Amino acid sequence: NAGVTQTPKFQVLKTGQSMTLQCAQDMNHEYMSWYRQDPGMGLRLIHYSVGAGITDQGEVPNGYNVSRSTTEDFPLRLLSAAPSQTSVYFCASSYSDPLRLRGEQYFGPGTRLTVT
Amino acid sequence: GIQVEQSPPDLILQEGANSTLRCNFSDSVNNLQWFHQNPWGQLINLFYIPSGTKQNGRLSATTVATERYSLLYISSSQTTDSGVYFCAANTGNQFYFGTGTSLTVIP
């Protein structure tokens with residue numbers, strides 16, 4: 001049971017380049033989400049998914065796309081990287097129950113992205 | 001979304017001291033979690049505590065949902081407790097994080 005895994009651990013991009021951050025979980029969690037963490041701040045929600053085929057926007061979705069074709073995977077795409085997207089990105093997953101209450105979240109190790 | 005405020009923002013303790021960290025939230029929430037971010041950046045689950053009190057070793061947490069706050073108690077602090085402590089509150093499908101309490105425990 002690997003939990004939540006993220007790749008890569010580090011990435012440097014030039015402005016305008018695109019890339020995909022990978023996230024996978026092996027706990028059969030319905031709910032998955034992406035956050036960014038900037039210095040001195042808490043985590044802010046980018047996008048989330050309540051199940052395969054269903055995604056929605058969080059607090060800071062601009063510049064990012066997501067898709068959820070399987071329960072296990074939830075990739076985050078940067079279409080045209082900007083210096084403002086320099087941050088640490090965390091993926092998380094949890095169960096969701098029929099009452100729509102979200103269970104305990106489990107986080108991946110993070111991806112440190114620098115855009116020059 | 002809801003506002004989540006944590007206090008104090010910074011805390012320095014002598015090893016062995018006790019401390020209380022506070023998390024206030026602006027509206028009713030479905031659940032509340034506490035995390036520790038260690039110096040390597042890893043987020044570690046401490047408590048999933050929508051209400052009531054839980055204890056795990058030297059750590060305990062209490063959430064009073066009707067008064068919209070949660071407390072994290074650290075007793076007999078150790079240098080390995082250093083890092084940033086975050087609370088996160090959930091409403092609907094979204095989690096909202098506070099800006100954290102940065103704890104430094106000195107030997």
Side-chain angles (χ1 to χ4, degrees), chain A residues 3-6 9-10 23 25 27 29-51 54-61 66 68 74 87-113, chain B residues 1-10 21-52 54 56 61 63 65 70 72 83-103:
Chain A
V4 181
T5 58
Q6 292 183 236
K9 287 187 169 51
F10 301 94
C23 174
Q25 52 89 14
M27 297 174 281
H29 285 167
E30 300 94 340
Y31 184 89
M32 295 185 74
S33 53
W34 278 101
Y35 295 86
R36 60 178 288 172
Q37 183 178 27
D38 300 301
M41 299 182 70
L43 280 71
R44 292 182 292 169
L45 183 64
I46 304 172
H47 284 286
Y48 65 93
S49 168
V50 298
I54 306 170
T55 64
D56 207 345
Q57 298 179 350
E59 283 184 85
V60 287
V66 291
R68 183 98 178 268
F74 191 43
S87 189
V88 180
Y89 291 84
F90 288 96
C91 178
S93 72
S94 68
Y95 289 111
S96 62
D97 67 25
L99 297 178
R100 299 184 63 77
L101 298 177
R102 293 293 169 255
E104 184 176 2
Q105 287 201 104
Y106 296 86
F107 280 80
T111 294
R112 188 173 295 274
L113 175 67
Chain B
I2 63 172
Q3 307 301 313
V4 179
E5 295 180 353
Q6 292 186 244
S7 60
D10 300 283
L21 282 57
R22 187 176 180 102
C23 172
N24 292 333
F25 37 95
S26 62
D27 206 342
S28 300
V29 298
N30 293 334
N31 68 53
L32 193 291
Q33 256 186 283
W34 283 96
F35 298 91
H36 175 216
Q37 188 168 41
N38 64 24
W40 295 271
Q42 185 182 6
L43 282 160
I44 300 162
N45 291 12
L46 296 177
F47 293 101
Y48 166 65
I49 185 166
S51 63
K54 290 186 179 179
N56 185 3
T63 297
S70 184
L72 178 69
V84 182
Y85 290 80
F86 291 103
C87 66
N90 160 252
T91 176
N93 288 327
Q94 300 201 28
F95 280 88
Y96 297 89
F97 277 73
T99 52
T101 292
S102 178
L103 174 64

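None of these values were measured; they are calculated from a predicted model.
Expressed to the nearest 0.5 Å, how far CG of B:Leu46 lies from CD of A:Glu104 amounts to 10.0 Å. The distance from the CZ atom of A:Arg44 to the CD atom of B:Gln94 is 13.5 Å, given to the nearest 0.5 Å.
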**Request:** Could you walk me through whether B:Phe97 and A:Tyr35 pass the ring-ring contact (aromatic ring centres under 6.0 Å, His included) test, one step at a time?
**Result:** CA-CA 10 Å; B:Phe97 277 73; A:Tyr35 295 86; 5.4 Å; yes

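With sequence neighbours excluded, no residue forms a ring pair (Phe, Tyr, Trp, His ring centres under 6.0 Å) with B:Phe86. Under the salt bridge (Lys or Arg N to Asp or Glu O under 4.0 Å) criterion, A:Arg68 pairs with no residue, sequence neighbours left out.
With hydrogens and angles ignored, the 3.5 Å screen pairs a side-chain donor or acceptor of B:Gln33 with a backbone N or O of A:Gln105.
In this structure, chain A has a heavy atom under 4.5 Å from the side chain of B:Phe35, while its backbone stays farther away. For B:Gln37, the part lying under 4.5 angstrom from a heavy atom of chain A is the side chain only. Only the side chain of A:Leu45 comes within contact range of chain B, with at least one heavy atom under 4.5 Å from a heavy atom of that chain.
For the pair B:Phe95 and A:Glu59, the minimum side-chain heavy-atom distance is 4.5 Å or more.
Comparing B:Thr99, B:Val84, B:Asn45, B:Thr91 by how many heavy-atom pairs each has under 4.5 Å with chain A, the most go to B:Asn45.
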